[in-house]
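What follows is a short report on a single structure.
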Amino acid sequence: MPELPEVETVVNDLKNKIIGRKIKSVWFDASKLIKRPKLAVFVKEIRGLKIGNIKRRAKNILIYLSSDKILLVHQKMTGHLLYGKWLIRNKKPISSLPGVMREKVNDYIHLIFYLDNGWQIALSDLRKFAKVVFGPKDEIESLEELKKLGPEPLERNFDFKKFQQALKDKKGKIKQVLMDQTVISGIGNIYSDEILWLAKIHPFRPANQLKDPEMKKIFHFIKAVLKKAVKLRGTSVSDFRDPEGKSGHYANQLYVYQREGEKCPRCQGAIKRLKMGSRSAHFCPNCQKL
DNA sequence: ACTAGCCCCTGGGAGC
DNA sequence: TGCTCCCAGGGGCTAG
């Protein structure tokens, strides 16, 4: 599932490929992914727009277009933004790049933007959770879902004071607080598990009861883990792919995520998985005491 | 105003 | 082999 490092990878890759290109037309077969505006308006208004900058905000991808428009894409669980060439056969996109194996994810392409250089940006999504929103710049930027987002953990001005401030009054379990996009943006289930294991903090600890040194450790590993994951182009443990369909390399750096029953790399104890709401937390009960 | 929990969705894996 | 059931989970939404 794409978290900050995966989305950052996608944004950086797309920057090199599609800035300056024009969107010629659109194809789709799952209109539910396009939340707004109405389909007819979307198809009509996006045609001919030129791609300016591309930015990441939390796990959202913001594609700035001419005419002061923004295309917002959230990949949610299984969404991929791909750059390639596809042909529509029997209403399904088939890769048309010579020598490129037809990837499984291509069966799940539900939206294609045709560019003026003959290439395409495609949104594939097995579970159809992804979200696409298009509209005037000021309208998109003032969407509640963007405005309520917490600070970006990798930004230089996100210092320990800001982190402390963000955790203050948060009675919830630290893992859930780390994943709360209104507290800090970009962290999901995988990296929260890893951060807390490295910091030796039990995922169920109430956030506002953490001592300063503990908070410092978490703060340190938030930056360290996310930076390293960005460098390694993300984690492909479920099915993250970059725009060329390639996997990230952080998966073999994982210490606890999806390693239930395996030995803790630090103390050789057994890694546990506990339900936390509708999510699961992976941790070492020996290293991470409640 | 908060939070806990359901829901969206579909493939993969376990169990029989 | 083939069926059923459970699981993965970001975030929007609702009920309490």
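Every chain is numbered from 1, with letters handed out A, B, ... down the list of sequences.
- One finds no side-chain N or O of A:Arg127 lying less than 4.0 angstrom from the OP1 or OP2 phosphate oxygen of B:dG12.
- Remark: A:Glu262 pairs with A:Arg259 by the salt bridge (Lys or Arg N to Asp or Glu O under 4.0 Å) rule, at least two apart or across chains.
- Annotation: cation-pi geometry satisfied between A:Lys216 and A:Phe160 (NZ/CZ under 6.0 angstrom from ring centroid, within 45° of ring axis).
- Nucleotides of DNA chain B nearest to A:Lys32 and A:Lys173 differ in position, and the one nearer the 5' end is that of A:Lys173.
- Taking A:Asp29 as the reference, nothing meets the salt bridge (Lys or Arg N to Asp or Glu O under 4.0 Å) condition, with sequence neighbours excluded.
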- Query: Using a cut-off of 4.0 Å between protein heavy atoms and nucleotide atoms, how would you tag nucleotides 11-16 of chain C 5' to 3' with B, S and -?
  - Reply: BS----
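- Closest to the side chain of A:Leu126, out of B:dC9, B:dG11, C:dA8, is B:dG11.
- A search for salt bridge (Lys or Arg N to Asp or Glu O under 4.0 Å) contacts involving A:Arg266 returns nothing, not counting sequence neighbours.
- The bend of the helix from B:dC2-C:dG16 to B:dC16-C:dG2, defined by the angle between the axes of its first five and last five pairs, stands at 50° to the nearest 10°.
- Applying the side chain to side chain donor-acceptor pair (under 3.5 Å) test between A:Glu214 and each of A:Arg205, A:Lys200, A:Gln209 identifies A:Arg205 as the sole match.
- Partners of A:Arg273 by salt bridge (Lys or Arg N to Asp or Glu O under 4.0 Å), not counting sequence neighbours, listed by chain and number: A:Glu260.
- The aromatic ring centres of A:Tyr191 and A:Tyr257 sit 6.0 Å or more apart.
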